[in-house]
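In what follows, a single structure is set out as structure tokens and then discussed.
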Amino acid sequence: MTATPRDTPTADDLRPLPYRLRWRPEGIFPGAHPGRGEGAEGEFRRHVSLLRQPDPRRIDLRVSLRDPYGELHVRQFAPRRAVPVAMLVDLSGSMRFGAAVAGPVAELGALLALSAVRSGDNFALFGCDDGVNEAASLPLSRRRGLEAEVRERLMAAQPRGAGAAGLFEAAGRLPARRSLVFLLSDFLMSAGEIERLLDALWRHDVVPVVLRDGALEEDLPRWGLIELGDLESGAARLVFMRPALRARWLRAARERQAALAALFARRGLRRVTLKDALDTDALALRLMEG
């Protein structure tokens with residue numbers, strides 16, 4: 001059953017999820033993630049000679065006393081840094097099916113915003129149709145209550161238009177330094193266009209979020225007349241559904257999902273599937289895998 005806005009939890013119901021990065025971020029802003037370089041605080045890395053890191057405040061007397069050569073050792077730490085987190089949401093016409101954007105997509109956006117802010121990271125939202133939809137977007141911020149703003153923007157968004165031009169524009173507006181980017185779409189575009197979009201995001205750590213709807217892939221009737229509509233072009237067609245056609249439809253859906261998974265795998269990307277409702281347990285497991 002497709003989630004509707006009234007089924008969506010309120011901001012007070014959300015609980016932030018921890019997430020792990022696959023790289024060590026650079027920068028000067030303190031945060032929750034082990035960063036590159038060396039620092040006086042953060043995650044303990046190793047002991048080094050005082051001559052290598054002349055910081056008497058970090059001398060470890062216990063380790064130094066055990067050194068047979070009488071050398072002084074200091075603790076070395078990996079500094080903790082903040083990273084930009086962004087969510088690029090496809091708002092083209094094909095995303096208008098059901099109430100996905102106002103339901104599980106809005107819930108996911110609010111959850112990611114809350115999780116980023118609680119980790120000390122900045123979060124940005126880009127709603128993308130023919131261009132970047134400013135009414136469905138928010139700049140990088142980590143202010144309190146951001147998750148409620150993200151939810152409101154997405155619940156009010158009206159998917160329209162065709163193509164992925166807005167996603168390409170949003171890719172160009174991301175920070176220059178490496179960011180964690182959640183790319184949410186039904187990915188009902190050509191493989192070549194998906195490849196070009198991922199090329200535009202090459203600098204960042206991308207988590208593809210694939211929106212699916214069980215009504216389109218599994219809940220088709222075995223017999224009966226159904227009206228099919230192209231939500232991007234507006235074209236409609238009446239189809240007589242029968243077991244053989246239903247089997248071909250389901251097979252084509254499975255093949256498309258397999259091809260999409262293979263495309264992501266070739267780039268070392270692991271997708272998150274958002275099907276009908278948000279599974280926070282599966283999302284938490286995926287985020288902690290890095």
Side-chain angles (χ1 to χ4, degrees), residues 1-17 19 85-118 123-130 132-138 145-162 164 166-167 170 181-189 207-220 226-232 253 256-257 260 271-287:
M1 180 177 179
T2 303
T4 63
R6 64 177 178 273
D7 299 322
T8 304
T10 65
D12 293 336
D13 298 325
L14 296 176
R15 295 295 180 268
L17 299 179
Y19 48 94
V85 180
M87 184 180 181
L88 276 57
V89 181
D90 181 359
L91 293 179
S92 61
S94 64
M95 297 283 288
R96 197 166 70 243
F97 186 84
V101 173
V105 174
E107 182 183 356
L108 175 62
L111 180 58
L112 293 177
L114 177 65
S115 301
V117 171
R118 292 290 177 85
F123 180 86
L125 172 69
F126 294 92
C128 308
D129 41 48
D130 295 335
V132 172
N133 185 334
E134 302 298 342
S137 302
L138 287 166
L146 182 63
E147 66 277 6
E149 295 181 59
V150 170
R151 182 197 298 278
E152 291 170 4
R153 298 272 176 136
L154 289 174
M155 289 185 68
Q158 297 295 324
R160 62 182 179 82
L167 293 172
V181 176
F182 293 86
L183 176 61
L184 189 147
S185 174
D186 52 17
F187 291 95
L188 295 178
M189 56 189 87
V207 179
V209 182
V210 182
L211 183 68
R212 299 171 61 184
D213 195 300
L216 286 174
E217 299 181 5
E218 300 167 359
D219 297 337
L220 295 171
I226 60 174
E227 185 178 14
L228 302 178
D230 187 328
L231 296 177
E232 295 195 354
R256 176 167 185 81
Q257 291 301 319
L260 190 59
R271 64 179 179 174
V272 172
T273 298
L274 184 59
K275 184 177 180 181
D276 300 333
L278 177 61
D279 185 342
T280 54
D281 291 336
L283 178 62
L285 180 61
R286 168 63 183 84
L287 294 181

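FYI, side chains are in, hydrogens and waters are out, and symmetry mates aren't considered; it's all heavy atoms of this structure. Nothing fancy with the numbering, it's 1 onward along the sequence.
Between the CE atom in Met87 and the CG atom in Leu138 there is a gap of 12.0 Å [rounded to 0.5 Å]. Here the NZ-CD distance, from Lys275 to Gln257, works out to 8.5 Å after rounding to the nearest 0.5 Å. Distance check: Leu125 CG to Leu146 CG gives 8.5 Å after rounding to the nearest 0.5 Å. Atom SG in Cys128 sits 8.5 Å away from atom CG in Asn133 (nearest 0.5 Å).
More than 12 heavy atoms of other shown residues, nucleotides or ligands fall within 6.0 angstrom of atom CZ in Arg286.
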Tell me, with the steps shown, if Asp186 and Ser94 meet side chain to side chain donor-acceptor pair (under 3.5 Å). CA-CA 8 Å; Asp186 52 17; Ser94 64; 2.6 Å; yes
For Leu14 and Arg151, run side-chain contact (heavy atoms from CB on, under 4.5 Å): C-alpha distance rounded to whole Å, both residues' side-chain angles, the deciding distance at 0.1 Å, then the answer. CA-CA 12 Å; Leu14 296 176; Arg151 182 197 298 278; 3.6 Å; yes
side-chain contact (heavy atoms from CB on, under 4.5 Å) for Val101 and Arg96? Distances and angles first, verdict last. CA-CA 7 Å; Val101 173; Arg96 197 166 70 243; over 6 Å; no
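Here the side chains of Leu283 and Leu108 are in contact, with some heavy-atom distance below 4.5 Å. Leu260 places a side-chain heavy atom less than 4.5 Å from the side chain of Val210. A heavy-atom distance below 4.5 Å is not found between the side chains of Leu211 and Val209. You'll find the side chain of Arg15 stays beyond 4.5 Å of the side chain of Leu111, heavy atoms only. Inter-residue side-chain proximity for Phe182 and Pro208 is flagged as unmet; no heavy-atom pair is nearer than 4.5 Å. Counting heavy atoms from C-beta on, the side chains of Val117 and Glu147 never come closer than 4.5 Å.
The pair Asp276-Arg212 does not count as a salt bridge, with every side-chain nitrogen at least 4.0 angstrom from each carboxylate oxygen.
The shortest heavy-atom contact between Val150 and Ala113 is CG2-CB, 3.9 Å. Taking each heavy atom of Met155 and Ala106 in turn, the nearest pair found is CG-CB, 3.7 Å. When all heavy atoms of Val85 and Tyr19 are compared, the closest pair comes out as CG2-OH, 3.8 Å. Annotation for Phe123 and Gly109: closest pair CZ-O, 4.0 Å, computed over non-hydrogen atoms. Ala170 and Val132 make their closest contact through N-CG2, 3.7 Å (heavy atoms, listed as atom of the first residue, atom of the second, distance).
Take Gln158 and apply the side-chain hydrogen bond (donor to acceptor under 3.5 Å, both in side chains) test, not counting sequence neighbours, and it matches no residue. In this structure, Arg153 has no side-chain hydrogen bond (donor to acceptor under 3.5 Å, both in side chains) partners at least two apart in sequence or on a different chain.
Side-chain N or O atoms of Ser115 include one that pairs as donor or acceptor with a backbone N or O of Leu17 at under 3.5 Å. Between the side chain of Ser137 and the main chain of Gly127, a donor-acceptor pair closer than 3.5 Å is present.
Checked options Leu274, Leu88, Asp90; the residue passing with Leu184 is Leu274 (criterion: side-chain contact (heavy atoms from CB on, under 4.5 Å)).
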